[in-house]
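Remember, predicted model here, so these are calculated numbers, not experimental data.
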Amino acid sequence: MSTRIVIKKNTYFDSVSLMSISTKANQLEGVEQAFVAMATEMNKGVLKNLGLLNDELEQAKNGDLMIVIKGASDTANDATLEAIEGLFTRKDSGSSRHEARYATLASAHNNIPETNLAVISVNGAFAAREARQALENDLNVMLFSDNVSLDDELALKQLAHSKGLLMMGPDCGTAIINGAALCFGNAVRRGSIGIVGASGTGSQELSVRIHEFGGGISQLIGTGGRDLSEKIGGIMMLDAIHMLEDDAQTEVIVLVSKPPAEAVARKVLERAKACRKPVVVCFLGTTDAREDEAGLQFARATKEAALKAVLLTGIKKESLDLHPLNWPLIEEVRARMKPEQKYIRALFCGGTLCDEAMFAALEKYPDVYSNIQPNPEYRLKDVNVSIAHTFLDFGDDDFTNGKPHPMIDPTNRISRLLQEARDPEVGVIVMDFVLGFGSHEDPVGVMLDAIKEAKAIAAREERNLEILGYVLGTDLDTPSLEKQCQMLTDAGVIWASSSTNTGLLAREFVCKEKAQ
């Protein structure tokens with residue numbers, strides 16, 4: 001193996017662009033590992049974990065661009081470097097204009113006046129200012145940045161509303177606009193179902209399940225996770241419903257969110273009921289059961305929401321493989337566990353995936369703890385110590401402060417997996433693996449050694465440790481969904497077919513009652 005390192009002094013690119021380039025670089029032939037990022041301390045930490053940090057990279061400054069390639073030979077690395085350079089300078093498809101860099105949003109818009117959307121990924125201290133400038137230049141905005149105050153978010157969304165523009169975010173990680181996936185997203189077919197999501201991986205999961213059931217996505221509009229809070233009042237979700245109602249490509253609308261503020265939920269449901277197009281509502285974690293009515297249907301889980309949406313487009317239920325729970329498998333797993341193995345430990349990259357599994361467990365067990373538990377009584381005091389059933393969102397600020405997101409760097413999750421494997425009361429460890437644009441190029445592969453070691457730890461103590469995995473992705477994603485699942489099977493991991501089934505299987509595996 002050979003390693004090639006290039007440092008470009010005082011060369012800045014935003015994190016969204018660099019995630020895209022890194023993802024594409026790692027798909028090039030002959031590349032074992034390619035890393036393209038700014039020389040921040042966080043990114044140097046990632047390189048250290050990958051065993052690629054050296055003195056030259058250590059000395060690079062925050063404003064320097066790092067390109068690190070590990071490949072079969074020097075010749076192969078030269079070819080990869082040339083291809084990466086091409087990703088920075090390639091021509092726009094169908095146009096003679098080269099990609100260009102501009103000092104300000106205003107200058108970019110002046111030079112390319114037909115643009116209508118800005119993706120903003122800057123330090124949170126400057127994010128609101130840049131978003132306001134984009135809106136004032138009549139650009140729709142996807143604000144990937146977090147650490148934006150609620151007051152700033154409210155002011156930005158009020159401005160966007162007054163101008164009839166999208167203000168997706170802050171902390172909006174997923175969108176698909178006119179077929180183009182922005183930030184984190186999956187490869188799904190185009191179709192007639194529009195999604196409005198106040199949750200990133202929840203929106204991804206919906207789009208993936210809709211694709212699996214034969215449907216397709218017209219638009220996926222992210223709102224940011226705080227949009228349905230009492231202060232923000234659902235401004236963007238309400239505006240997005242209106243936009244999809246007027247969108248000729250959209251026939252059915254699906255709304256997905258973690259539990260909204262009660263007053264905001266009422267307002268959103270009133271608007272959904274008045275919509276001219278059918279609406280499916282999935283507010284995860286809500287306990288009150290609502291009855292379907294004309295033009296408005298309710299789902300308690302993402303799989304159910306996706307199914308209801310595709311049936312509304314005319315797809316027949318009898319033609320679908322709905323992957324019901326495998327009760328014989330559940331019985332087999334229960335039989336392998338010792339009496340003291342009674343707890344779930346869930347280690348998630350996706351916050352909404354963690355929520356959905358946690359809410360499934362809460363339907364059956366009272367002692368469910370988490371760093372994102374809505375009930376403060378069961379919020380972990382120390383995220384480094386698990387209690388009873390513990391569900392961890394490794395993408396939360398508790399774990400990402402000064403560190404990369406776990407969908408990019410698995411280091412935090414690897415150490416916690418081994419920690420949980422040593423606990424004799426643990427029956428099943430649950431993990432998600434997110435494919436698609438912006439994610440790690442091999443999310444299962446990078447965890448395999450740790451998975452094998454976790455199982456070996458339990459085996460040395462004559463315990464069976466079940467590991468339950470869920471791979472979020474489609475047959476069109478890279479890397480291959482089929483191959484990722486096969487790698488889990490080969491490692492002795494049981495894998496679930498959906499986020500919904502992941503939570504249901506986990507809670508049933510450790511249940512001491514007889515399976516149905």
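A search for side chain to side chain donor-acceptor pair (under 3.5 Å) contacts involving T489 returns W495, not counting sequence neighbours. Applying the side chain to side chain contact (heavy atoms under 4.5 Å, CB included) test to S73 and every residue at least two apart in sequence or in another chain returns T75, A76. Evaluation of the side chain to side chain donor-acceptor pair (under 3.5 Å) rule for N384 yields D382 as partners, not counting sequence neighbours. In terms of the side chain to side chain contact (heavy atoms under 4.5 Å, CB included) criterion, residue partners of L481 (sequence neighbours excluded) are, by chain and number, L435, V471, C485. Not counting sequence neighbours, the partners of D490 by the side chain to side chain contact (heavy atoms under 4.5 Å, CB included) test are Q486. With sequence neighbours left out, I414 forms a side chain to side chain contact (heavy atoms under 4.5 Å, CB included) with P410, M447, A450.
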Show me the donor-acceptor pairs, under 3.5 Å and distance only, between side chains in residues 30-37 and residues at least two apart or in other chains.
| from | atom 1 | to | atom 2 | distance (Å) |
| --- | --- | --- | --- | --- |
| E32 | OE2 | K70 | NZ | 3.4 |
| Q33 | NE2 | E441 | OE2 | 3.0 |

Which side-chain N or O atoms in residues 56-69 pair as donor and acceptor under 3.5 Å with protein atoms at least two apart or in another chain?
| from | atom 1 | to | atom 2 | distance (Å) |
| --- | --- | --- | --- | --- |
| D64 | OD1 | N10 | N | 2.9 |
| D64 | OD2 | K61 | N | 2.8 |

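Side-chain contact check for S2 and D74: at least one donor-acceptor pair (N or O, by modelled atom type) lies under 3.5 Å.
Judged as a salt bridge (Lys or Arg N to Asp or Glu O under 4.0 Å), the pairs with a partner in residues 151-163 (not counting sequence neighbours) are, in order, D138-K163, D151-K231, E153-K157, E153-R226, K157-D227. Counting only residues at least two apart or on different chains, the salt bridge (Lys or Arg N to Asp or Glu O under 4.0 Å) pairs with a member in residues 208-225 are E205-R209, R209-E212. Among pairs with a residue in residues 469-482, none fulfils salt bridge (Lys or Arg N to Asp or Glu O under 4.0 Å), at least two apart in sequence or across chains. For residues 170-186, no residue pair satisfies the salt bridge (Lys or Arg N to Asp or Glu O under 4.0 Å) rule, not counting sequence neighbours.
Of the possible donor and acceptor atoms, one in the side chain of Q219 sits under 3.5 Å from a partner among the backbone N and O of N178. With S439 contributing its side chain and M407 its backbone, the two residues share no donor-acceptor pair below 3.5 Å. For the pair E230 (side chain) and A261 (backbone), a donor-acceptor distance under 3.5 Å is absent. A donor-acceptor contact shorter than 3.5 Å is absent between the side chain of S162 and the backbone of A160. A donor-acceptor contact shorter than 3.5 Å is absent between the side chain of T250 and the backbone of G194. The main-chain N or O of V122 is found under 3.5 Å from a side-chain atom of S145 such that the two form a donor-acceptor pair. Under the 3.5 Å distance criterion, the side-chain polar atoms of D432 are matched with a main-chain donor or acceptor of G350. Judged by distance alone, the side chain of R345 and the main-chain N or O of I429 form no donor-acceptor pair under 3.5 Å. K455 contributes a side-chain N or O that, together with a main-chain N or O of L465, makes up a donor-acceptor pair within less than 3.5 Å. No side-chain donor-acceptor contact under 3.5 Å links D247 to the backbone of M243.
In this structure, the separation between CD1 on I84 and CG on N26 is 8.0 Å, given to the nearest 0.5 Å. Atom CD1 in I235 sits 11.0 Å away from atom CE in M167 (nearest 0.5 Å). For the atom pair CG of L392 and CD1 of I372, the computed distance is 9.0 Å after rounding to the nearest 0.5 Å. Taken to the nearest 0.5 Å, the CD1 atom of I210 stands 10.0 Å off from the OG1 atom of T302. We find the CG-CG distance between N116 and N137 to be 12.5 Å, quoted to the nearest 0.5 Å. The CD1 atom of I221 sits 11.5 Å away from the CD1 atom of I176 when rounded to the nearest 0.5 Å.
Relative ring orientation between F144 and F184 is described as tilted, the plane-to-plane angle lying within the 30° to 60° band.
Y369 is not listed as a side-chain neighbour of S386, based on a closest heavy-atom distance of 4.5 Å or more.
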Chi angles and distances behind the side-chain contact (heavy atoms from CB on, under 4.5 Å) call for N371, D393: CA-CA 7 Å; N371 61 324; D393 171 16; 4.0 Å; yes

Residue pair R189, T474: steps toward the side-chain hydrogen bond (donor to acceptor under 3.5 Å, both in side chains) verdict: CA-CA 10 Å; R189 72 175 65 82; T474 75; over 6 Å; no

Candidate pair S257 and F283, rule side-chain contact (heavy atoms from CB on, under 4.5 Å), full reasoning: CA-CA 5 Å; S257 172; F283 289 159; 3.9 Å; yes

side-chain contact (heavy atoms from CB on, under 4.5 Å) between D78 and E82, worked out: CA-CA 6 Å; D78 288 342; E82 184 177 350; over 6 Å; no

Worked verdict on M358 versus F348 for side-chain contact (heavy atoms from CB on, under 4.5 Å): CA-CA 11 Å; M358 179 176 66; F348 279 91; over 6 Å; no

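A pairwise comparison of heavy atoms in P479 and D442 identifies CG-CA, 4.5 Å as the closest pair. The heavy-atom pair separating T11 from M38 by the smallest distance is O-CE, 3.2 Å.
Checked for salt-bridge contact, K8 and E85 meet the test: a charged N lies under 4.0 Å from a carboxylate O.
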